[in-house]
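Positions are given from 1 along the sequence. Side-chain atoms are counted along with the backbone in the values below, which use heavy atoms only and exclude waters and symmetry mates.
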Amino acid sequence: MMDLPDALIEESIERGTILHSTMFKNIDHGKFFVVMGISKEYVAGFFFINSNINRYLMNKQEQLNMQYGIKKSDYSFLKHDSFISASSLQIISIDELTITIQNGITTYVDKLREDHLKELLEAARHSKLFSRKEKQDFFF
């Protein structure tokens, strides 16, 4: 494994970056996720990519509104059409994410298409699921 300088790793992580990781303690398999915002110390808003919409969201309209469909034909890493679950904000320190990349736990996968990123950000900015501070810190 090659050691990359922290600054180089941090520079490659930007809004719209798609990563894959097994770092999530409450999930028993690797997950694809999209970075939606970066502050001085944190990477945030990373939204998981799922094969299907969680059935528990079916009667929760606000969360359902934040399930963003993406097509396999647009992203080579997808096995089938999927959904970006943009209904809850996840936050991790840049240092912690950098360590998981250096250890090979987290890997760079792709970049979200610009039009998808814009639509997702616009939806997050108007969603009632996020506080004004969260929106200001990570979605603008």
Discussion item. Main chain of His80, side chain of Ser82: is a donor-acceptor contact present, judged purely on distance under 3.5 Å?
Written reply: yes
Fill in: Transitive ILVMFWY side-chain link Leu129 to Phe83, under 4.5 Å
no
Discussion item. Could you tell me if the side chain of His116 sits less than 4.5 Å from the side chain of Ile84, heavy atoms only?
Written reply: no
Practice prompt. Begin from the C-alpha positions of Phe77 and Ile49 and carry the test side-chain contact (heavy atoms from CB on, under 4.5 Å) through to its verdict.
Written response: CA-CA 11 Å; Phe77 69 92; Ile49 297 175; 3.9 Å; yes
Practice prompt. Decide yes or no for Leu57 and Met66: does some side-chain heavy atom of the first lie under 4.5 Å from some side-chain heavy atom of the second?
Written response: no
Fill in: Non-hydrogen side-chain atoms of Tyr75 and Ile18 separated by less than 4.5 Å
yes
Worksheet item: Would the number of heavy atoms belonging to other residues, nucleotides or ligands and lying under 6.0 Å from OH of Tyr56 be above 12?
Response: no
Worksheet item: Considering only heavy atoms from C-beta outward, does the side chain of Ile38 approach that of Arg15 to under 4.5 Å?
Response: no
Worksheet item: Given side chains that start at C-beta, do those of Ile13 and Phe46 come closer than 4.5 Å, heavy atoms only?
Response: no
Practice prompt. May I ask you to test the Thr17-Val43 pair for a side-chain heavy-atom distance under 4.5 Å?
Written response: no
Discussion item. Using modelled atom types and a 3.5 Å cut-off, is there a donor and acceptor pairing between side-chain atoms of Ser127 and backbone atoms of Ala123?
Written reply: no
Worksheet item: What closest approach, in Å, do Leu78 and Lys71 show between heavy atoms, and which atom pair accounts for it?
Response: CD1-O, 3.7 Å
Discussion item. Between Leu64 and Met58, does the side-chain contact (heavy atoms from CB on, under 4.5 Å) criterion hold? Intermediate values first, please.
Written reply: CA-CA 7 Å; Leu64 209 49; Met58 291 308 171; 4.0 Å; yes
Item to complete: Output the distance between atom CZ (Arg113) and atom CD (Glu119), rounded to the nearest 0.5 Å.
Response: 8.5 Å
Item to complete: Examine distances only and state if a side-chain atom of Tyr68 and a backbone atom of Leu117 form a donor-acceptor pair shorter than 3.5 Å.
Response: no
Practice prompt. Could you pull out the closest heavy-atom pair between Ala44 and Leu89, with the gap in Å?
Written response: C-CD1, 4.3 Å
Fill in: Straight-line distance of Phe140 CZ to Glu134 CD, nearest 0.5 Å
12.5 Å
Discussion item. Are Phe130 and Phe138, when compared by the centres of their aromatic rings, separated by less than 6.0 Å?
Written reply: no
Worksheet item: What distance do Asn50 atom CG and Phe33 atom CZ have between them, rounded to the nearest 0.5 Å?
Response: 13.0 Å
Fill in: Nearest heavy atoms of Phe139 and Leu121, plus distance in Å
O-CD2, 3.7 Å
Worksheet item: Cluster question for you: counting only ILVMFWY and a side-chain heavy-atom cut-off of under 4.5 Å, with indirect links fine, are Phe32 and Val35 together?
Response: no
Discussion item. How long is the straight-line distance from OG1 of Thr98 back to CD1 of Ile92, given to the nearest 0.5 Å?
Written reply: 9.0 Å
Fill in: Any Glu62 side-chain heavy atom under 4.5 Å of Ser87 side chain
no
Discussion item. For residues Val109 and Phe48: do they belong to one hydrophobic cluster (side chain heavy atoms under 4.5 Å, members Ile, Leu, Val, Met, Phe, Trp, Tyr)?
Written reply: no
Fill in: Distance in Å, Ile105 CD1 paired with Glu96 CD, rounded so as to fall on 0.5 Å steps
9.5 Å
Discussion item. With rounding to the nearest 0.5 angstrom, report the NZ to CD1 distance, Lys40 to Ile94.
Written reply: 10.0 Å
Worksheet item: Should Thr100 and Leu19 count as side-chain neighbours, where that means a heavy-atom distance under 4.5 Å?
Response: no
Worksheet, complete the sentence: For Phe47 and Ser85, the nearest pair of non-hydrogen atoms, with its separation, is CB-O, 3.3 Å
